[in-house]
Every structure is written in C-alpha cells, then in structure tokens.
Amino acid sequence: MRDFLSRRDFLRTGAAAGAVVGGLTAINPLEAGAAPTKDVAWEKSVCRFCGTGCGVMVGTRNGKIVAVQGDEKNPTNKGLLCIKGYSLPGIVSGQDRLTSPMIRKGGKLVKATWDEALDLVARKFGETLKAHGPESVAMYGSGQWMITDGYAASKWFRAGMGSNNVEANARLCMASAVTGFMTTFGSDEPMGCYEDLDLCDVLVLWGNNMAENHPVLFSRVLENKRKNPKMQLIDLATRRTPSTDAADLYVEFQPQTDLALANGICHLLIKKGLVDRDFVEKHVVFKKGKTGIGYGLEDRFKFADEAKLSTFDEFTTFLADYSPDKVEKLTGVPVATLERLADTFGNSKLKVMSVWCMGVNQHSRGTWMNNLIYNVHLLTGQICKPGATPMSLTGQPSACGTVREVGTLAHRLPADMVVMNPEHRALAAKIWKVPVEKLNPKPGLNTVEMFRAFDRGDIKCLWIQTTNPFVSMPNLNRYRKGAKKGEGRFIVVSDVYPTETTQFADVILPAAMWVEREGMFGNTERRTQQWNQLATPPKGCMADDWQILEVARRMGYGHLFPTDPKTYVRELFEEYRQFTLGNGKDVASYEDLKSHRGLRWPVVNGKETARRYVEGEDPYVKPGEGIKFYKNKADAGKAVVWLRPFEPAAEAPDKDYPLWLSTGRVIEHWHTGTMTRRVPQLNRAVPKAFVEVHPEDAKALGIQDGQTVRVVSRRGTLDLPARIDGRCKVQKGHLFIPFFDESLLANLLTLDSYCPISAEPDYKKCSARLERV
Ligand SMILES: Nc1nc2c(c(=O)[nH]1)N[C@H]1C(S)=C(S)[C@@H](COP(=O)(O)OP(=O)(O)OC[C@H]3O[C@@H](n4cnc5c(=O)[nH]c(N)nc54)[C@H](O)[C@@H]3O)O[C@H]1N2
Ligand SMILES: Nc1nc2c(c(=O)[nH]1)N[C@H]1C(S)=C(S)[C@@H](COP(=O)(O)OP(=O)(O)OC[C@H]3O[C@@H](n4cnc5c(=O)[nH]c(N)nc54)[C@H](O)[C@@H]3O)O[C@H]1N2
Ligand code: SF4
Ligand SMILES: [Mo]
C-alpha cells in the first residue's frame with residue numbers, strides 16, 4: 001500500500017494540475033503507527049467534500065478510521081480521488097474536536113451535559129415561539145447536511161412549529177441554479193449525467209474552475225480529451241485558473257457581461273441560421289419577465305416576477321441589441337470568438353456540453369444567467385442527447401440530495417413542491433399526518449433576509465448547523481454586529497470544531513461527522529448514495545438529525561418522529577421517499593441504496609435514470625414522445641426560452657474604488673477552512689489567504705509578490721499578502737481573494753446584493769481599492 005500522505009510530490013504537483021489519482025491509500029495520521037493492512041474492514045462511503053460525490057472505501061479497525069481509498073466500484077470516480085478525498089481521515093482527527101455541549105453562562109462558554117443543553121434549546125425555542133410567533137425562530141442548515149438532517153429540520157419547523165424559517169447555505173450556492181431550472185424546465189436538477197463528460201466533443205465552462213473545484217469530474221474531461229484529440233475545452237471566465245491551462249480556447253470577459261455574451265451567441269445563432277427549428281417548434285415556448293429588477297440591497301427586499309408569453313419573432317427583435325460589435329465592446333470578447341462560439345453550439349455534428357458553477361449562480365442576475373445558458377442549448381437542440389447537455393454543477397455534497405430534493409429552503413417542500421401551493425400543502429400534511437392548517441402558506445425568509453431579521457431582532461432564536469455563516473456570509477461586518485447585539489437573541493451552533501461562528505453561540509452542540517454516523521448524500525447527477533456508520537464518534541458527539549429529534553421531542557413534537565435509535569435514519573428516509581414517488585422525483589428505497597453505489601432518480605421499479613426527459617431512459621416519457629419536459633405542465637411539457645437582458649452589476653469600479661474584487665476557492669481548502677486547515681499537509685500547502693493582483697497594477701503601486709497590501713471596499717478593510725504570479729491570474733484592474741481563512745475574512749469586503757429571483761448573493765463582484773501599507 002502506498003500512503004498518500006507520505007507522497008508529498010503528489011500534494012505539490014497535484015494542486016497545480018488539479019490532479020487526481022487512484023490506487024493510493026490515505027492513512028489516518030492518528031493511526032499511522034499501526035500498519036493499515038491487518039484486521040481492517042473496508043466498506044463503501046462517499047466523500048464528504050464536493051458535489052461530485054466520489055465513492056470512497058473506508059478501512060476501519062475497532063471503530064476507528066484507519067485509511068481511505070477511492071472506490072473502484074463507484075461509477076462516479078472509478079477509484080480516483082483528489083487531494084481532498086485523500087485527506088478525509090485527517091478531517092475527523094483534528095486535535096480540537098468539540099466533544100462536549102457548551103452553554104454560555106455569564107458571558108463565558110462552559111461545559112454542560114447533553115440534557116442541560118438540549119433542555120435549554122427546547123425551552124428557548126418553545127418560549128420564543130409562544131411569545132413572538134413562528135417568524136421569530138429560524139434554522140440555518142447546509143448542503144453538507146445529510147438527507148435525514150434536512151428532512152428532520154424541515155418537518156420540525158413546518159409540521160411542528162408552523163414556521164417556514166428553515167434555510168440552508170445552499171442559498172449562497174445553488175439557489176440560482178434552482179430558480180433557473182424551475183423557470184426553464186419546471187423541475188429542479190439536471191437532465192444529463194456525468195457520462196456526458198466522457199462523450200461530449202466540446203465542453204464549455206461558463207465560470208467554473210473545474211480543475212480545482214471538481215477535480216475528479218475534470219479528470220474525466222481530460223480523459224475524454226486524451227481519447228478524442230479533437231475534443232475541445234472552452235473556458236469562458238473572468239480569471240485564468242488551472243482549468244484554463246487545459247483549455248483549447250480561453251475566452252476572458254468582464255464580470256457580469258456573460259449576460260450579453262450569451263445573448264450575443266443567440267443573436268448569431270439566429271443570424272447564421274443555426275437554430276434547430278424542428279426542436280424549437282416541438283419543445284420550446286418563449287417568455288419574458290420583469291426587467292430592471294434591483295439588487296436585494298435594502299432590508300425586507302421583496303420581488304415578484306411576472307412571466308408573459310412571447311414569440312420567436314419577439315425574441316429575434318430583442319436580440320437585435322446584442323450585435324457582435326456591441327457585445328465585443330461590453331464583454332471584451334472579440335467578434336471572431338463570438339462567431340466561433342455560435343458556430344460551435346450551432347454545429348449539429350458536434351455534441352456540445354456546458355457546465356457552470358458559482359460564476360453563474362453567485363450573480364445578481366444568477367437566475368437569468370442560468371436561463372440564458374439553457375437558451376443556447378434549447379435553440380440548438382444540444383440537450384437530452386448523450387454528450388450534448390447543459391449541466392449545472394453542484395458545490396456541496398448534498399446540496400442536491402438534501403437542500404433541493406428534501407426542500408430546506410424557506411419556500412419549499414420536498415420534491416419540487418412549495419409552501420405557497422395549497423395542493424402541495426395538502427399532500428405534505430397527509431404524509432406528515434398533521435392538519436393542513438398547521439402548514440404555514442407564507443414562505444420564510446431567505447438566508448440574507450434571515451440574517452437581516454436577526455440583526456433587527458425580528459428573529460430571536462437561531463440554530464445554525466453544519467455551516468459557518470460568520471465567515472461565509474457576505475458583508476460580514478453587518479451580520480456579525482447584528483448577532484452580537486444580545487437583547488434576547490439566542491444562537492445555537494452545531495459543529496465539529498470551534499469556529500468563528502461557535503464564538504457567537506449561546507449553546508454549542510458537538511456533532512458526529514461523516515462516517516461516524518449512518519448517512520446519505522445526493523450529488524449533481526441525481527445520484528442518491530448511502531453509507532453505514534463505520535466509525536465510533538468521539539465520546540460526546542451526536543448526529544445532527546438526532547439533535548433535532550431530541551429538541552423536537554422535548555418541545556412536544558415527539559409524535560412526528562421515529563424513536564428507535566437503531567432505525568430512525570431509515571424510517572425518516574422512507575417517509576421522505578413518499579413525497580418523491582410518482583412525480584418524476586422518485587428516489588430509490590433505503591434497501592436498494594444500501595446495496596448499490598448510489599442510484600440516479602427517477603428510480604422506478606428499481607431502475608435508475610441516466611438522462612431525464614428522454615424516451616427509453618426516463619420512465620416518465622411515454623412511447624413516441626421522444627423528448628418531453630413533462631414536469632413543466634404549465635407549458636404543456638415544453639421548456640422556456642427567456643428574454644433576459646444584460647443589466648449591470650450592483651456595484652462596479654468607480655473613481656474611489658477602481659478595481660473589481662472577486663472571491664472564491666483554492667483546491668487545497670474547503671470553504672471556511674475548518675476541516676482542511678486541520679490537515680497539516682493541506683494547511684502547509686496554502687496556510688494563509690492572499691490577494692491576487694495583476695502584475696501591471698502591482699507595478700503601478702510599487703508592490704512585490706508576497707508583500708502585505710491593504711484592500712479596501714465600502715464595507716471593510718483587509719491587510720494580506722499580494723500574489724502577483726501565482727497559480728491563477730486575474731485581469732488588469734481585478735483582484736481575487738479566497739475565503740478559506742478565518743483570520744483574513746474576505747467577506748468583510750463583499751457586498752450583500754443578491755439575485756432578486758433566487759436570493760443568492762453575488763460574491764463575485766464588488767469594487768475595491770488597493771493600498772500600500
Ligand atoms: N477545493 C474546493 N473544491 C470545492 C469547494 C471548495 O471550497 N474547495 N467548494 C465546493 C462548492 S460548495 C462550490 S459552490 C464549488 C464552486 O466552484 P467554482 O464555481 O468553480 O469556484 P469559485 O472559485 O467560487 O468561482 C470561480 C469561477 O467564477 C467565475 N466568475 C467570476 N465572475 C464571473 C462572472 O461575472 N460571470 C461568470 N459567468 N463567471 C464568473 C470565474 O471565472 C471562475 O471560473 O466548488 C466546490 N468544490
Ligand atoms: N466570499 C465568498 N463567500 C462565500 C462563497 C464565495 O464564493 N465567496 N461561496 C458561498 C458558498 S457557494 C458556500 S457553499 C458557502 C459555504 O460556507 P459554509 O457552509 O459556512 O462553510 P463550511 O466551511 O463548509 O462550513 C461547514 C461547517 O460545518 C462543520 N461541520 C463539518 N461536518 C459537520 C457535521 O457533520 N455536523 C456539523 N454540525 N458540522 C459539521 C465544519 O466544521 C464547518 O464549520 O460559502 C459561501 N460564501
Ligand atoms: S472531487 Fe470532490 S468528491 Fe471527489 S474526492 Fe475530490 S473533493 Fe471528494
Ligand atoms: Mo457552494
């Protein structure tokens with residue numbers, strides 16, 4: 001066995017190339033003394049990091065994780081893992097795992113028993129609910145929640161307390177993808193699957209650094225390229241990354257102008273006669289909504305769109321504004337490149353696939369941008385065919401499985417249903433066995449508005465689980481100040497390590513994580529995966545769903561939940577599954593999930609679906625229908641091409657703040673760094689945040705690589721080292737800061753504007769200035 005952690009060369013080179021390898025074993029540093037070959041039991045699990053959902057084999061001895069390997073039987077990764085996957089043993093083994101509940105007494109956090117802590121949480125939620133009503137309590141969860149965590153939280157809130165203030169950090173991540181899917185196809189989540197990455201002739205990245213953030217999927221793209229030398233990778237982006245290094249064409253555009261770029265492609269598709277008229281006739285309707293829709297910046301921001309039917313002719317007229325010359329001026333993309341993009345999408349001999357992630361979703365017009373990518377694919381019929389599909393990539397391991405499918409966003413119920421719809425509430429009430437009046441028809445608050453309400457004091461009791469918002473929320477100064485106001489505000493935080501957020505807690509609940517509990521995630525390609533509890537959690541740590549059930553039971557909602565600690569996970573899942581059956585979202589049975597490396601819904605009669613909406617693959621498409629977007633009942637099973645214009649960003653460079661500031665990720669770290677910074681190899685590789693500066697901007701200011709500089713935005717100031725010639729390269733006039741460093745908070749600078757339709761914040765754009773210190 002070759003130990004990954006002793007292979008420093010892989011770590012060093014691996015990061016730069018976004019490399020992925022198989023056949024290595026990562027040994028738990030705490031178990032490193034004992035050879036991991038003897039008496040080790042191996043079982044399947046899933047990586048707890050990104051939304052790719054790689055299978056990992058976990059080796060345990062006496063309830064301890066000894067080692068992990070890539071799971072060769074898992075079709076997602078076929079044995080490969082990236083450096084984060086190989087670091088899994090390290091993230092459970094940090095020296096400072098939280099192992100005891102803590103309660104704030106006289107300003108200090110002191111150890112408490114589980115009973116004391118849970119009693120206190122139940123009492124506070126109960127009293128607040130009674131005194132101030134269902135809008136005064138809130139739960140803020142995560143796309144890293146396991147399926148049953150989200151289900152328990154949603155049911156406790158909606159069916160128990162009659163409150164819809166149950167949200168998740170996937171609002172910061174996938175909300176625009178959700179509203180994009182719902183408005184275009186009437187159903188959330190992709191039609192395609194990972195196999196399309198192996199089959200496409202052209203892959204277009206629309207603002208996704210796939211090499212660093214979805215490395216195993218990227219390795220499938222590189223493998224496709226190796227086998228098919230004509231395969232083209234096109235990187236549309238605002239910044240050069242390791243994904244760019246592998247690209248055949250790099251198309252750099254100015255932030256926010258992707259709206260014009262996509263419309264410019266459609267303009268040319270029509271002008272050049274590259275529209276698949278037959279497909280459009282059969283499968284598409286045209287619509288327009290409101291324009292000039294604002295930026296979600298003012299408190300209590302509310303937005304209601306209005307969809308009106310439109311026509312192909314009206315669409316053509318609308319696109320007159322996006323002539324190649326005009327688009328070149330706005331985006332910076334040369335006319336010839338625009339032509340090449342249109343010719344590529346419009347070439348029916350090529351199978352063209354698009355993928356995207358936060359560049360498109362974290363966008364003040366994120367819903368529109370998702371719609372516009374679908375427009376390109378719908379006009380050209382590059383959809384629902386092997387290798388030809390648009391595919392929204394998911395960030396977190398269960399943003400799909402938990403947040404989107406179970407419905408832990410403030411307006412949602414399971415399986416695409418919403419609280420505003422009386423029929424949906426009736427069905428939910430039936431499955432939940434509560435009177436329908438119990439279910440509140442008014443959507444709760446989206447994440448940003450939830451933290452604004454906490455700041456105002458309208459929300460008084462907030463439980464944060466499996467997320468670190470006082471690092472990851474935008475415009476942090478505002479929300480951190482709000483949370484510190486006291487005045488009856490009460491914060492519960494469930495985490496596995498001390499974090500910036502646990503510092504704000506009145507009660508801390510230590511969680512059992514990953515394979516320390518039985519669990520389930522759902523990945524980007526609709527694959528639901530299950531694993532058994534494989535390791536014993538540190539003494540004192542309890543699963544998140546168990547924590548919720550215990551609080552609910554103490555508040556008198558015990559009748560809503562299973563009670564047997566051995567079977568409650570399966571029981572919760574099977575109950576949730578009832579929501580999904582018969583409406584195109586059918587998840588597999590618990591039994592089937594136990595014996596498979598995941599199954600992609602809809603799963604009907606035990607058979608999974610690789611491609612949705614396609615006859616012969618998707619059981620909901622009837623013989624003779626060919627392709628049918630059957631979930632979009634409102635438009636008779638057709639998809640929608642939307643007329644969505646370019647509108648400027650909420651904040652753009654000006655005299656005082658002349659630079660664009662964007663934020664995001666590095667391959668070595670996961671989000672706020674709480675787990676990856678406890679893995680010594682990863683921490684050593686990138687120990688500290690930095691700001692990427694263009695060499696000319698650096699020269700003008702007289703600063704050197706590594707020198708500390710000051711970045712100032714309208715909301716905050718941050719001193720950190722400049723990186724001038726690093727792995728990634730910003731455009732002139734742009735800055736980039738990663739957000740993994742709890743001691744150098746990128747979000748002190750970011751703006752809390754959001755897409756009015758999805759309520760997802762735009763972390764990719766604000767203006768800033770650079771100073772010498
Ligand atoms: N190593 C690692 N992997 C991860 C994560 C992690 O923390 N670390 N997190 C996971 C999660 S939750 C997520 S959401 C994903 C995120 O995955 P990505 O979206 O790939 O990552 P980011 O670094 O957030 O965003 C970078 C991209 O935003 C694009 N961008 C910036 N401005 C614009 C714009 O105006 N328009 C467009 N179209 N693009 C723009 C840039 O071109 C760049 O490609 O990664 C997942 N994988
Ligand atoms: N500036 C900027 N900010 C961003 C983004 C950006 O691109 N730029 N991206 C946004 C996006 S896409 C995302 S997804 C968010 C992510 O933001 P967060 O969700 O806040 O970040 P994480 O570090 O993933 O937080 C997960 C927390 O859960 C803890 N944890 C791990 N396992 C368990 C468990 O089993 N149980 C419990 N209770 N806790 C556990 C970890 O220690 C960690 O503190 O950040 C958003 N914020
Ligand atoms: S690609 Fe994502 S899921 Fe796969 S090993 Fe890496 S972090 Fe884990
Ligand atoms: Mo995310």
Side-chain angles (χ1 to χ4, degrees), residues 20 46-54 56 70 76-77 80-86 88 91 142-146 149 169-170 172-174 205-210 212-219 235-239 241 243-244 253-258 261 356-363 369 393-397 399 465-474 493-497 499-502 509-514 516-517 523 543-544 547 649 660 662-676 736-740 746-747 749-750 761-765:
V20 155
V46 183
C47 177
R48 101 43 79 252
F49 287 114
C50 85
T52 299
C54 294
V56 292
T76 301
N77 55 315
L80 303 177
L81 293 177
C82 79
I83 49 171
K84 285 191 308 306
Y86 280 115
L88 284 163
I91 64 164
S142 177
Q144 297 162 66
W145 254 349
M146 292 172 204
D149 299 338
N169 65 355
L172 315 177
C173 177
M174 299 314 297
L205 309 176
W206 290 81
N208 167 222
N209 178 6
M210 203 181 185
E212 290 199 77
N213 297 321
H214 301 90
V216 168
L217 294 182
F218 197 65
S219 77
D235 183 27
L236 312 181
T238 58
R239 162 177 174 261
T241 65
S243 311
T244 319
F253 58 89
Q254 290 304 308
Q256 189 85 0
T257 67
D258 42 1
L261 180 63
W356 62 97
C357 204
M358 287 310 108
V360 168
N361 294 345
Q362 293 174 343
H363 195 304
M369 242 344 272
L393 292 184
T394 316
Q396 299 178 90
Q465 209 174 47
T466 326
T467 176
N468 191 4
F470 294 118
V471 177
S472 57
M473 284 289 289
V493 181
S494 306
D495 206 294
V496 294
Y497 289 114
T499 67
E500 280 292 300
T501 300
T502 58
L509 301 174
M513 73 190 291
W514 189 44
E516 294 166 355
R517 45 182 299 215
N523 78 2
D544 294 299
Q547 298 175 11
W660 281 110
S662 187
T663 62
R665 299 161 165 78
V666 296
I667 191 174
E668 293 84 355
H669 289 296
W670 178 254
H671 294 162
T672 67
T674 61
M675 292 176 278
T676 45
F736 173 90
I737 306 178
F739 76 103
F740 69 82
N747 280 319
L749 306 170
T750 52
D762 188 334
Y763 292 99
K764 297 292 181 254
K765 295 163 218 94

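Ligands are counted one by one from 1 in listed order, and the atoms in each one are counted from 1 as well. These figures come from a predicted structure and were not determined experimentally. Values reported hereafter were calculated over all heavy atoms of this structure, with side chains retained and with hydrogens, waters and symmetry mates removed. FYI, the numbering just counts along the sequence from 1.
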- Item | Close approach of T676 to ligand 1, heavy atoms, under 4.0 angstrom | no
- Nearest neighbour in protein (non-hydrogen) for atom 29 (C) of ligand 1: G359 CA, 3.6 Å
- Note on the structure: If we number the atoms of ligand 2 from 1 as shown, the ones under 4.0 Å from a heavy atom of L172 are 10 (C), 11 (C), 12 (S), 46 (C)
- Stacked cation flag R665 on F739, 6.0 angstrom / 45 deg: no
- Task: Give yes if a backbone or side-chain nitrogen or oxygen of Q465 is under 3.5 Å from a nitrogen or oxygen of ligand 2, and no if not.
- Result: no
- Are any of the side-chain nitrogens in R517 or D149 under 4.0 Å away from the carboxylate oxygens of its partner? yes
- Message: Below the 3.5 angstrom mark, is there an N/O of Q396, backbone or side chain, next to an N/O of ligand 2?
- Response: no
- Message: Is it the case that ligand 2 has an N or O less than 3.5 angstrom from some N or O of Y497?
- Response: no
- Query: Heavy atom under 4.0 Å from ligand 2: found in Q362's side chain, backbone, both, or neither?
  - Reply: side chain
- Task: For A512 and ligand 2, answer yes if some heavy atom of the residue is under 4.0 Å from a ligand atom, otherwise no.
- Result: yes
- Item | ligand 1 versus V666: contacting region, heavy-atom distance under 4.0 Å | backbone
- Please state which protein non-hydrogen atom is closest to atom 18 (P) of ligand 1 and give its distance, to 0.1 Å? N213 ND2, 3.3 Å
- Any atoms of ligand 1 less than 4.0 Å from a non-hydrogen atom of N209? List them with their elements. 20 (O), 44 (O)
- Query: How far is atom 38 (N) of ligand 1 from its nearest protein heavy atom, and which residue and atom name does that atom have?
  - Reply: D258 OD2, 2.7 Å
- Tell me which protein heavy atom sits closest to atom 34 (C) of ligand 2, plus the residue, atom name and distance to 0.1 Å. D544 OD2, 3.6 Å
- Message: I need the protein N, O or S atoms closer than 2.8 Å to atom 8 (Fe) of ligand 3, given as residue plus atom name.
- Response: C47 SG
- What residue and atom, counting heavy atoms only, is the protein's closest point to atom 44 (O) of ligand 1, and at what distance? N208 N, 3.3 Å
- Could you find the nearest protein heavy atom to atom 8 (N) of ligand 1 and give me its residue, atom name and distance? H669 O, 2.6 Å
- Is the shortest N/O to N/O distance between T467 and ligand 2 below 3.5 Å? yes
- Item | Identity and distance of the protein heavy atom lying nearest atom 24 (O) of ligand 1 | R665 NH1, 2.7 Å
- Task: Distance to 0.1 Å, residue and atom name: give those for the protein heavy atom nearest to atom 31 (C) of ligand 1.
- Result: T238 OG1, 3.1 Å
- How far apart are the C-alpha atoms of Q144 and W514, what are their side-chain angles, what is the distance that settles it, and do they pass the side chain to side chain donor-acceptor pair (under 3.5 Å) test? CA-CA 10 Å; Q144 297 162 66; W514 189 44; over 6 Å; no
- Task: Using distance alone, determine whether D495 and ligand 2 share an N or O pair under 3.5 Å.
- Result: yes
- Item | Polar proximity ligand 2 side, S142 side, N/O cut 3.5 Å exclusive | no
- Message: Under 3.5 Å between any N/O of W514 and any N/O of ligand 2: does that happen in this structure?
- Response: no
- Does at least one non-hydrogen atom of R48 fall below 4.0 angstrom from an atom of ligand 2? yes
- Query: Which bit of F253 is near ligand 1, meaning a heavy atom under 4.0 Å away: side chain, backbone, both or neither?
  - Reply: side chain
- Query: Among C357, A237, P738, S662, which one has a heavy atom closest to atom 15 (C) of ligand 1?
  - Reply: C357
- For atom 7 (O) of ligand 1, grab the closest protein heavy atom and report residue, atom and distance to one decimal in Å. H671 N, 2.8 Å
- The answer for which part of N747 has a heavy atom under 4.0 Å from ligand 2 is side chain
- Side chain, backbone, both or neither: C173 near ligand 1, heavy atoms under 4.0 Å: side chain
- Item | Distance-only N or O hit between ligand 2 and T663, under 3.5 Å | yes
- Between G395, A649, S243, which one has a non-hydrogen atom sitting closest to atom 13 (C) of ligand 1? G395
- T499, portion touching ligand 2 at heavy-atom distance under 4.0 Å: side chain
- Query: Considering only heavy atoms, which of K764, H363, K765 lies nearest to atom 35 (O) of ligand 1?
  - Reply: K765
- Message: Just to be sure I read this right, does ligand 2 sit under 4.0 Å from the backbone of A511, its side chain, both, or neither, counting only heavy atoms?
- Response: side chain
- Are any non-hydrogen side-chain atoms of L81 and V20 less than 4.5 angstrom apart? no
